[in-house]
There are 2 protein chains.
Amino acid sequence: MANDYSANVPIYLQIINEIKLKIASGEWKTGQRILPVRELAMQFTVNPNTMQRALAELEREGLIYTERTTGKFVTSDDILVSNVRDMLAREYMQSFFSSMQKLGYNMGQTMKIIEDYVTKYKEGK
Amino acid sequence: MANDYSANVPIYLQIINEIKLKIASGEWKTGQRILPVRELAMQFTVNPNTMQRALAELEREGLIYTERTTGKFVTSDDILVSNVRDMLAREYMQSFFSSMQKLGYNMGQTMKIIEDYVTKYKEGK
DNA sequence: ATTATTGTATTAAGTGATTAATACAATAAT
DNA sequence: ATTATTGTATTAATCACTTAATACAATAAT
């Protein structure tokens with residue numbers, strides 16, 4: 001479940017991305033309470049301070065909020081979540097095409113590779 | 001030219017990727033001599049030690065080699081370079097589809113988004 | 001022969017990320 | 001009322017990355 005962190009990016013940033021994906025994908029639903037910091041830290045096998053840092057940043061971005069001693073919750077702003085999902089998807093795509101371009105693939109060549117990949121996928125490989 | 005490093009990944013790793021792309025794309029040709037460590041360090045605006053570390057790793061991977069006091073060169077192994085290029089392209093693609101899947105897009109939905117993106121690109125946006 | 005250029009190694013200092021060990025305030029649960 | 005649970009803050013120690021300042025050996029250039 002946890003602990004496949006790249007040694008090369010600060011853990012708290014990797015956690016931010018991971019949780020952002022959970023919220024954007026709907027795996028963590030809007031308005032839903034999330035586990036206490038200490039338990040999340042255990043689940044992710046990191047120090048509570050590190051988890052706290054990640055959650056504080058996500059709160060700064062508006063994706064979660066805190067009720068003083070009750071706990072933390074996913075935002076109830078469905079539009080925000082939807083926007084984040086769209087933005088992430090666009091980022092991933094642009095980053096992908098940009099990398100392929102640096103490798104020397106133009107857009108047509110990149111499309112060709114994608115189509116081959118998808119074809120093989122559909123054949124169950 | 002340089003100095004747009006993400007604060008979140010060690011610089012020497014970013015340099016490794018950058019140079020690997022240059023070699024894989026053919027921007028740095030096989031067999032070609034590369035600039036001295038000190039000059040590359042200046043071009044990339046990093047410390048010579050940091051550049052040396054990146055180059056040492058690239059040498060370990062076989063992408064460059066050193067002639068004692070003459071300098072460093074891109075490998076002459078065209079097949080290796082071609083393989084690296086193919087591997088990188090595959091990695092980028094798989095990573096992209098994996099991220100999209102985590103966002104809740106299945107392969108068909110991802111293809112739809114790609115096609116829209118490419119269409120807009122062709123219209124010159 | 002001498003000089004300049006090449007890669008390489010060493011030592012020291014500064015910075016940020018991470019863990020660890022606590023502690024505290026507010027409130028929900030008993 | 002008391003206790004447990006919640007988020008949060010603090011201090012210290014460790015580790016990797018990065019820069020800086022040198023120094024050295026081998027060889028190409030002069």
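The structure displayed is predicted, hence computed values, not measured ones. Labels below follow one simple rule: chain letters A, B, ... track the order of the sequence lines, proteins then strands, and each chain is numbered from 1.
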Roughly how many Å is it from [atom1] in [X] to [atom2] in [N], rounded to a whole number?
X: A:I16; N: C:dA17; atom1: CD1; atom2: P; answer: 11 Å
X: B:I11; N: C:dT15; atom1: CD1; atom2: P; answer: 15 Å
X: B:L40; N: C:dT5; atom1: CG; atom2: P; answer: 16 Å
X: A:F44; N: C:dT19; atom1: CZ; atom2: P; answer: 13 Å
X: B:L13; N: D:dT18; atom1: CG; atom2: C1'; answer: 13 Å
X: B:Q52; N: D:dC24; atom1: CD; atom2: P; answer: 18 Å
X: A:L55; N: D:dT6; atom1: CG; atom2: P; answer: 14 Å
X: A:R53; N: D:dA9; atom1: CZ; atom2: C1'; answer: 14 Å

*asked:* Minimum heavy-atom separation for B:A24 and B:V84, please, with both atom names.
replied: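 Smallest heavy-atom distance, with atoms named: CB-CG1, 4.3 Å.
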_To check you understand the geometry: which heavy-atom pair defines the closest contact between B:L55 and B:K72, and what is its length?_
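What the structure gives for the nearest pair is CD1-CD, 3.9 Å.
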The side chain of [X] is closest to which nucleotide in this list: [options]?
X: A:Y12; options: C:dT19, D:dT18, C:dA17; value: C:dA17
X: B:N49; options: D:dA9, D:dT19, D:dC17; value: D:dT19
X: A:T50; options: D:dT19, D:dC17, C:dT19; value: C:dT19

*Using a cut-off of strictly less than 4.0 Å between a heavy atom of the residue and any atom of DNA chain D, enumerate the qualifying residues of residues 27-39 of chain A by number.*
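Correct list: A:R33, A:P36, A:V37, A:R38.
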*Scan residues 63-73 of chain A against DNA chain D and write down, sorted by residue number, each residue with any heavy atom closer than 4.0 Å; if none is found, say none.*
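Heavy-atom contacts with DNA chain D come from A:T66, A:R68, A:T69, A:T70, A:G71, A:K72.
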Could you check if a side-chain atom of [X] sits within less than 4.5 angstrom of a side-chain atom of [Y], using non-hydrogen atoms only?
X: A:E39; Y: A:P36; answer: yes
X: A:V74; Y: A:I34; answer: yes
X: A:N47; Y: A:Q52; answer: no
X: A:E67; Y: A:F73; answer: yes
X: A:F44; Y: A:E18; answer: yes
X: A:T75; Y: A:V81; answer: yes
X: B:K112; Y: B:Y105; answer: no

*Write out the stems for DNA chain D, ordered by first number and formatted as range with range, counting runs of at least 3 consecutive Watson-Crick or G-U wobble pairs under 3.5 Å.*
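As far as DNA chain D goes, consecutive pairing (with distances under 3.5 Å) yields the stems C:1-30 with D:1-30.
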*Answer with yes or no after comparing the ring centroid distance for A:Y92 and B:F96 against a 6.0 Å cut-off, counting only values under it.*
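Judged by ring-centre distance (under 6.0 Å), A:Y92 and B:F96 do not meet the cut-off.
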*Given the side-chain rings of B:Y117 and A:F97, with only the six-membered ring counted for Trp, is the space between their centroids under 6.0 Å?*
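Between B:Y117 and A:F97, the centre distance is under 6.0 Å.
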